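The next block holds one structure in the form of C-alpha cells; read it before the comments.
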2 protein chains.
Amino acid sequence: MNEFELIARYFTKPAKGAILGVGDDCALFSSKKTIAASTDMLVEGVHFFPGEDPFLLGKKSLSVNLSDMAAMGAEPRWALLALSLPAAEESWLEGYSKGFMMQAENYAVDLIGGDTTRGPLVICVQIMGKIDAGLALRRDAARIGDEIWVSGNLGDAALGLYHLQGEIRLDGADLESCLKALRDPVPRVELGLALSGISRCAIDISDGFCADLSHILERSEVSAIVDYSSLPVSKTMEKYVNEPVGEKAILSGGDDYELCFTASEEKYSEIIELGNQLGIRLSRVGRITEGSGLHVLDEKGREKGTGEKGYAHFR
Amino acid sequence: MNEFELIARYFTKPAKGAILGVGDDCALFSSKKTIAASTDMLVEGVHFFPGEDPFLLGKKSLSVNLSDMAAMGAEPRWALLALSLPAAEESWLEGYSKGFMMQAENYAVDLIGGDTTRGPLVICVQIMGKIDAGLALRRDAARIGDEIWVSGNLGDAALGLYHLQGEIRLDGADLESCLKALRDPVPRVELGLALSGISRCAIDISDGFCADLSHILERSEVSAIVDYSSLPVSKTMEKYVNEPVGEKAILSGGDDYELCFTASEEKYSEIIELGNQLGIRLSRVGRITEGSGLHVLDEKGREKGTGEKGYAHFR
C-alpha cells in the first residue's frame, strides 16, 4: 500500500460542503462569512504515549482542533490532515481514520485534503470554519469588570496523566473518568457558538487554566482575581483539591479543552440559563481587574502560588 | 525562551491581509473568491538531510506549498506554520524564520497562525489562497487531444540529491546549479496564475514527472504519450540524459516543483508567447490520448520503462 492507496482507502470521503475535496493539489471551498483557521500538531511521546489507542487518537486529534474553533465561536467546516507515520500499518490506520472520520461527521466537518509521509508519528490537523468576525471570541477582548467563567470541570485529564506517569494511583470509576477526560475530550463547539453576543472573549484550556487565562490577560492588558474554591471540579478531583497534586492539576494541568470566557456581570443569568439549556456546567470563577498578572486567592483571601504556569515545550 | 516567546520573537508580523493574525485561538480572514487550501509536511531525514541550512529550509518549506497554489492557479495569501523542534535553538530559529518570512513577503503571503511543539524536526505548512473556482487547474480536467507541457527543466534537483547520496559526482557550476534546484526551488506561482483561461489542468512535479503526470491521467481517465527527447533538461543534465541515472532523475526524480499542464493545441502560440513574457522555458512534451497509462517513447518510438514511478513513502 503506497501513500496514494492509503489516502484513497482511509481518508477519502465525499466533501459535501466543499467545491473540491481530497485528491488535487489544493482543496477548494467558499464562504460568504469570515474564515477562522487554526492548526495543532500532536507528537508521539510528547502529546500522547506510544501505543495509544488509534481510534481515540484519531478522534482526539480532530477534537483539539475543534476546541480552537469553539474558543473563537466559529462553526467548524473543513479540515486538512498531515500525517507522518513510521509504517503504513493497516490496523492502526483503520482505527485512526475511523476515530477521525467519526468525529468529523459528528461536527459536520469535511476532510478536504492533507499529506502523508514516512517519519516519526506526528499528526498535524488544520481546521477552518465560518464566523462573523465582529462576534469572534478574541483573547484581547476582556474588559475590566468582566466576570470570568469556566465550562465543565478542571484538572481531570491531568489526574489521568499523573496516574499513567505513576504520580498518583486512581482506580475504578475515578480512573475511568479521568482517562476519558485525557483521551477523549469533548470540544465545546456548541457552547462557543452559543456565546456569540454574550461573551466577546474566550480561550480553550489546553496548556492549563492559569497559563491560558494569562494569555487573555496579556493580550487584553488587564489583571484577574480568581477564587480557587470556585473553580469547578469533579467528584474525583474533590478528593485532591487541597493537595498539591490536585492544585497542580486544576491550575496548570493541560488537556482540559474546556472554555474560559469573560462576560459583563449583567449577562449572569443568561449564562446560567445557557448552561442549563446545553447541559454544560458553567461556573463563575473570578473577575477581570485593572493591572497585570493573575491572582488566585484561597478561601481566606491569601494569594496562591500558581506554580508552574502550564505545559511549556521549551524552557 | 518558551514557545510563546519563540513565536513572538520569530514568527509574529503584522498580517496585512487578514482580520486577525498570530496570537489567538484562530486566525481570521475573508475572501469573496473561492479559497484554495493545501498542506505539506517535511520531515528531517526524509525530505531533507539533518543539518540542512535553516534559511534555505525555511524558504523551501513555504516554496513547496506555494507550488501547490501554482499547480491550482491560485493566488497564495495566508499560511499557518506548525513546527516540531528538538530544541529552541536561537541560531536555527533565526535562520529558519528569516528564510520563511522572506519567501512569505516575496509572494505577499501573511503568516497568520500555527503551533510550536517539542519533538523531532517536522515542519508542516498549510497554505490558503484565492481562486476563481471555474478557472482552477484541476487534475481531472485533461482532455483527449490536449498537448502536455512542462515548465523549466526536469531532474536537476534529483541529480543534486544523487550527488549528496554519493551515486554520482558533480562539481563546479554543475554541482552548484543542481544543489540550488534541490534546496531552493522556485514555485511557479506567476505561471499558474497566467495559465487561467489557457489551461484547465495542471499538477506540480514534486514526486517525479511520471508519477505526477500519472495522477492527471488517472483522475482524468485518459492516457498519454510523451516523447522522451522533448523533455526539457539543463546543460548539466545533457551529460546524463542517456544514462540510467539521468533517465531516473528526469522521469522519476522528485523535488522539481515545475508545472506539468495540458492545453488544447490551438493554445500553442499563446503558451510560447507566455513563456517568453515570463522568462520561463515552456516545453511541449507529449499528448493526451484515449486509454490508460503513461507511455514514454524514445526517438525510435520504442516505449521506455518509466521505472520507479516517483518517490513512494510506503511500499
Side-chain angles (χ1 to χ4, degrees), chain A residues 1-3 6 19-20 23-31 33-41 43 45-47 68-69 71-72 74 78 80 82-85 87-88 112-120 122 124 126 128-129 131 133 136-140 202-204 219 312-315, chain B residues 1-3 6 19-20 23-31 33-41 43 45-47 68-69 71-72 74 78 80 82-85 87-88 112-120 122 124 126 128-129 131 133 136-140 202-204 219 312-315:
Chain A
M1 180 168 55
N2 66 31
E3 66 259 40
L6 187 164
I19 297 166
L20 188 63
D24 215 305
D25 295 294
C26 295
L28 302 180
F29 63 88
S30 63
S31 167
K33 284 193 180 187
T34 292
I35 306 281
S38 181
T39 185
D40 261 320
M41 188 180 250
V43 177
V46 179
H47 299 88
D68 284 318
M69 290 275 119
M72 210 73 198
W78 308 280
L80 302 174
L83 266 182
S84 166
L85 299 170
I112 56 172
D115 191 17
T116 313
T117 169
R118 184 172 51 78
V122 177
C124 189
Q126 296 90 14
M128 291 153 288
I131 195 167
L137 307 173
R138 296 169 59 133
R139 293 183 183 181
D140 61 5
I203 192 168
D204 68 322
R219 300 268 296 178
H313 282 285
F314 308 104
R315 287 181 193 282
Chain B
M1 182 168 53
N2 67 31
E3 67 259 40
L6 188 163
I19 298 166
L20 188 63
D24 215 305
D25 296 294
C26 295
L28 303 179
F29 62 88
S30 64
S31 166
K33 284 194 178 186
T34 292
I35 305 281
S38 181
T39 185
D40 261 320
M41 189 180 250
V43 177
V46 178
H47 300 88
D68 284 318
M69 290 275 118
M72 211 71 199
W78 308 279
L80 302 175
L83 266 182
S84 166
L85 299 170
I112 56 172
D115 192 17
T116 313
T117 169
R118 187 171 48 79
V122 178
C124 189
Q126 181 198 14
M128 291 155 289
I131 195 167
L137 307 173
R138 296 168 59 133
R139 293 183 183 180
D140 61 6
I203 192 167
D204 69 323
R219 300 268 296 177
H313 283 284
F314 309 104
R315 289 182 191 280

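Residue numbers begin at 1 in each chain, while the letters A, B, ... track the order of the sequences. From a predicted model like this one, the values you see are computed outputs, not experimental measurements.
Taking chain B as the reference chain and counting heavy-atom pairs below 4.5 Å, the highest number among Ala136(A), Gly114(A), Ala202(A) is found for Gly114(A). Contact tally against chain A (heavy-atom pairs below 4.5 Å) for Gly45(B), Ala133(B), Cys124(B): the top residue is Cys124(B). Contact count against chain B (heavy-atom pairs under 4.5 Å) is highest for Leu28(A) among Asp68(A), Leu28(A), Asp140(A). By number of non-hydrogen pairs under 4.5 angstrom with chain B, the leading residue of Thr34(A), Val43(A), Asp24(A), Asp115(A) is Asp24(A). For chain A, the option among Ser38(B), Ala74(B), Ser30(B) with the highest count of heavy-atom pairs below 4.5 Å is Ser38(B).
Expressed to the nearest 0.5 Å, how far SG of Cys26(A) lies from CD1 of Ile19(A) amounts to 12.5 Å. Considering CG of Leu83(B) and CD of Glu3(B), their distance stands at 12.0 Å, rounded to 0.5 Å. Rounded to the nearest 0.5 Å, atoms CG (Leu137(A)) and CG (Asp204(A)) are 11.5 Å apart.
The side-chain heavy atoms of Met41(A) and Val122(A), taken from C-beta on, include a pair separated by under 4.5 Å. Counting only heavy atoms from C-beta outward, the side chains of Ile35(B) and Trp78(A) never approach each other to under 4.5 Å.
Of the atoms belonging to Arg139(A), heavy atoms from both backbone and side chain fall under 4.5 Å from chain B. Both the backbone and the side chain of Arg138(B) come within contact range of chain A, judged by heavy atoms closer than 4.5 Å. In this structure, the portion of Leu20(B) lying under 4.5 Å from any heavy atom of chain A is its side chain and not its backbone. Heavy atoms of Ile131(A) lying under 4.5 Å from chain B belong exclusively to its side chain.
Under the side chain to side chain contact (heavy atoms under 4.5 Å, CB included) criterion, Leu80(A) pairs with Ile112(A), Gln126(A), Met128(A), Ala37(B), Thr39(B), Gln126(B), not counting sequence neighbours.
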